[in-house]
Amino acid sequence: MVEPAIALFGAAYEKSVTVLDDLLRESGARYALLLDRKGFVLAHKEALWAPRPPSLDSLATLVAGNAAATQALAKMLGEPRFNELLHQGTTHGMYAEEVGELALLVVIFDTSVPVGRIKLYGKRAVSALETLTKDAVVNPAKMGIDTEYRDGASALLDELFRN
Amino acid sequence: MSTINFAAREINFKIVYYGPGMSGKTTNLKWVFQQVPPNRKGEMISLATEDERTLFFDFLPVDLGEVKGFKTRFHLYTVPGQVFYNASRKLILRGVDGVVFVADSAPNRLRANAESMRNLRENLNEYGIKTEEIPLILQANKRDVQDALPMEMIQAVIDPESRYTIHEAIATNGTGVFETLKAVSRSVLSRVVAAG
Ligand SMILES: Nc1nc2c(ncn2[C@@H]2O[C@H](COP(=O)(O)OP(=O)(O)OP(=O)(O)O)[C@@H](O)[C@H]2O)c(=O)[nH]1
Ligand SMILES: [Mg+2]
């Protein structure tokens with residue numbers, strides 16, 4: 001199967017951001033991200049008090065790779081899946097959970113916040129996000145990805161990758 | 001299939017550099033990283049061993065710019081080419097939009113090239129993808145090595161039906177690197193349009 005395209009737009013996007021925002025407020029976490037399984041950021045939110053996050057692209061890629069590796073391990077051990085990923089350091093922690101088949105939720109928190117709280121609100125957010133991402137699978141043509149788009153992009157390729 | 005983030009009006013493509021160990025996949029990405037201006041690229045991440053062999057993947061995001069109001073980005077990945085890293089190599093192919101196969105022109109690597117291509121087919125098949133269904137670009141790298149394999153010989157083992165053109169490259173000095181990347185990007189763009 002070629003992985004379907006997910007597009008979060010309009011109401012679905014707004015709702016996802018609200019879910020992430022609620023999650024941050026209720027749990028006291030720093031950053032929350034919704035990613036697709038390939039490691040692309042679909043939506044993200046930072047707590048008002050939090051400093052600028054590290055590169056979200058890099059973060060998303062590493063989490064998606066990590067999650068894929070974890071699921072492969074689960075299969076090898078005869079488990080259908082390992083439910084969540086949790087990493088705890090001295091000052092920061094990271095929690096990641098699958099959002100259906102297509103997406104991942106990532107929460108970065110300070111270790112002063114109890115992990116139980118992160119998990120509780122994390123799981124709540126996951127069930128809300130699951131429906132949203134399921135409905136967000138689209139056909140590129142409907143979004144205006146057409147030959148005009150292709151030719152425009154192609155011209156930019158020559159500009160950027162000039163020898 | 002590509003990811004579209006309409007909220008940010010962004011469209012993303014995932015391109016994977018595949019090929020046998022030491023063929024120069026990471027070197028291709030390093031060249032792109034060096035050449036693309038800072039405002040058009042993100043950090044390059046390399047998950048590698050002490051001796052610089054790729055362990056899990058290299059990653060480099062490149063911003064093409066805006067087209068029809070869509071910010072267009074390419075996420076470039078390399079896989080670890082060494083045979084025994086197949087489990088991780090397979091994971092990197094998940095959700096791939098286009099593949100660059102980097103073959104090694106060194107005379108003792110003919111068989112490794114053939115095996116890696118076969119492995120690519122097998123791994124794509126496990127995702128239910130036929131090699132013919134995905135944009136695939138071939139590169140013969142290390143054209144500068146002594147006694148480099150003739151192009152026809154490389155093609156014969158990785159593309160016996162001569163379906164594809166092979167781009168010659170010397171990734172260490174950048175020869176052919178952009179040409180290859182442009183070819184795969186164009187092919188991916190055409191594909192997303194045709195899919196619509
Ligand atoms: N002579 C020559 N050497 C090259 C060329 N491209 C890469 N190399 C060298 O080949 C070695 C391996 O290159 P990498 O880019 O690390 O190879 P890789 O395909 O990423 O290898 P894995 O990560 O193990 O799969 C390095 O020492 C490079 O400098 C080339 O065009 N010519
Ligand atoms: Mg490498």
Side-chain angles (χ1 to χ4, degrees), chain A residues 1-10 12-14 16-17 35-43 54-58 60-62 64-69 71-73 76 136-163, chain B residues 1-12 14 32 35-37 40 42-45 47 56-57 59 61-70 72-73 75 77 87-88 90-92 94-97 127-129 133-134 174-179 181-182 185-186 189-190 192-193 195-196:
Chain A
M1 174 195 78
V2 177
E3 215 75 1
I6 303 182
L8 274 186
F9 61 95
Y13 173 76
E14 301 297 337
S16 307
V17 173
L35 323 175
D36 74 4
R37 291 303 184 99
K38 298 150 71 170
F40 291 111
V41 179
L42 297 172
S55 158
L56 296 181
D57 274 340
S58 306
T61 303
L62 290 171
N66 197 354
Q71 286 325 329
L73 280 170
M76 291 178 75
V137 177
V138 297
N139 174 339
K142 296 217 178 75
M143 324 279 319
I145 308 292
D146 53 15
T147 50
E148 187 192 340
Y149 167 83
R150 181 197 61 202
D151 298 343
S154 186
L156 286 182
L157 283 172
D158 284 325
E159 217 171 278
L160 184 58
F161 302 132
R162 227 183 330 216
N163 278 317
Chain B
M1 186 46 69
S2 46
T3 299
I4 307 167
N5 189 341
F6 203 73
R9 290 189 68 85
E10 202 174 276
I11 177 158
N12 299 305
K14 176 172 179 175
V32 175
Q35 298 300 311
V36 169
R40 307 297 283 282
E43 297 170 17
M44 176 160 168
I45 293 184
L47 303 183
F56 197 176
F57 59 80
F59 165 70
V62 177
D63 269 327
L64 187 59
E66 215 172 277
V67 190
K68 278 191 77 189
F70 283 96
T72 301
R73 338 186 66 190
H75 280 190
Y77 285 81
S88 1
K90 201 177 341 179
L91 295 177
I92 304 308
R94 177 166 188 169
V96 65
D97 293 306
Y127 286 104
I129 303 170
E133 292 169 0
I134 196 145
T175 304
V177 171
F178 277 169
E179 187 193 318
L181 178 54
K182 277 194 276 194
S185 306
R186 291 222 158 88
L189 287 165
S190 298
V192 71
V193 169

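All chains are named by letter (A, B, ...) in the order of the sequence lines, taking the proteins before the strands, and each is independently numbered beginning at 1. Just so you know, these numbers use all the heavy atoms, side chains as well, and skip hydrogens, waters and symmetry mates.
- The parts of A:Ala69 that come within reach of chain B are both its backbone and its side chain, each placing non-hydrogen atoms under 4.5 angstrom from that chain.
- Here NE2 of B:His75 is found 10.5 Å from NZ of A:Lys38. Values are rounded to the nearest 0.5 Å.
- With a 4.5 angstrom heavy-atom cutoff, A:Asp158 touches chain B via backbone and side-chain atoms both.
- Contact count against chain A (heavy-atom pairs under 4.5 Å) is highest for B:Val67 among B:Val32, B:Val67, B:Val36, B:Val62.
- One finds the CD atom of B:Glu66 at 13.0 Å from the CD1 atom of B:Ile11 (value rounded to the nearest 0.5 Å).
- Using a 4.5 Å cut-off between heavy atoms, B:Ile92 does not touch chain A at all.
- Rounded to the nearest 0.5 angstrom, A:Asn66 CG and B:Phe56 CZ are separated by 7.5 Å.
- Once rounded to the nearest 0.5 Å, the distance linking CD of B:Glu10 with CG of B:Asp63 reads 7.5 Å.
- The parts of B:Ser185 that come within reach of chain A are both its backbone and its side chain, each placing non-hydrogen atoms under 4.5 angstrom from that chain.
- Looking at B:Arg40, only its side chain comes within 4.5 Å of chain A, counting heavy atoms on both sides.
- If you measure heavy-atom distances from B:Leu91 to chain A, the contacts under 4.5 Å come from the side chain alone.
- Note that B:Lys14 lies outside the cation-pi zone of A:Phe40, set by a 6.0 Å cut-off to the ring centre and a 45° limit from the axis.
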Evaluate the criterion side-chain contact (heavy atoms from CB on, under 4.5 Å) for residue pair B:Leu189 and A:Leu157; output intermediate values, then yes/no.
CA-CA 11 Å; B:Leu189 287 165; A:Leu157 283 172; 4.1 Å; yes
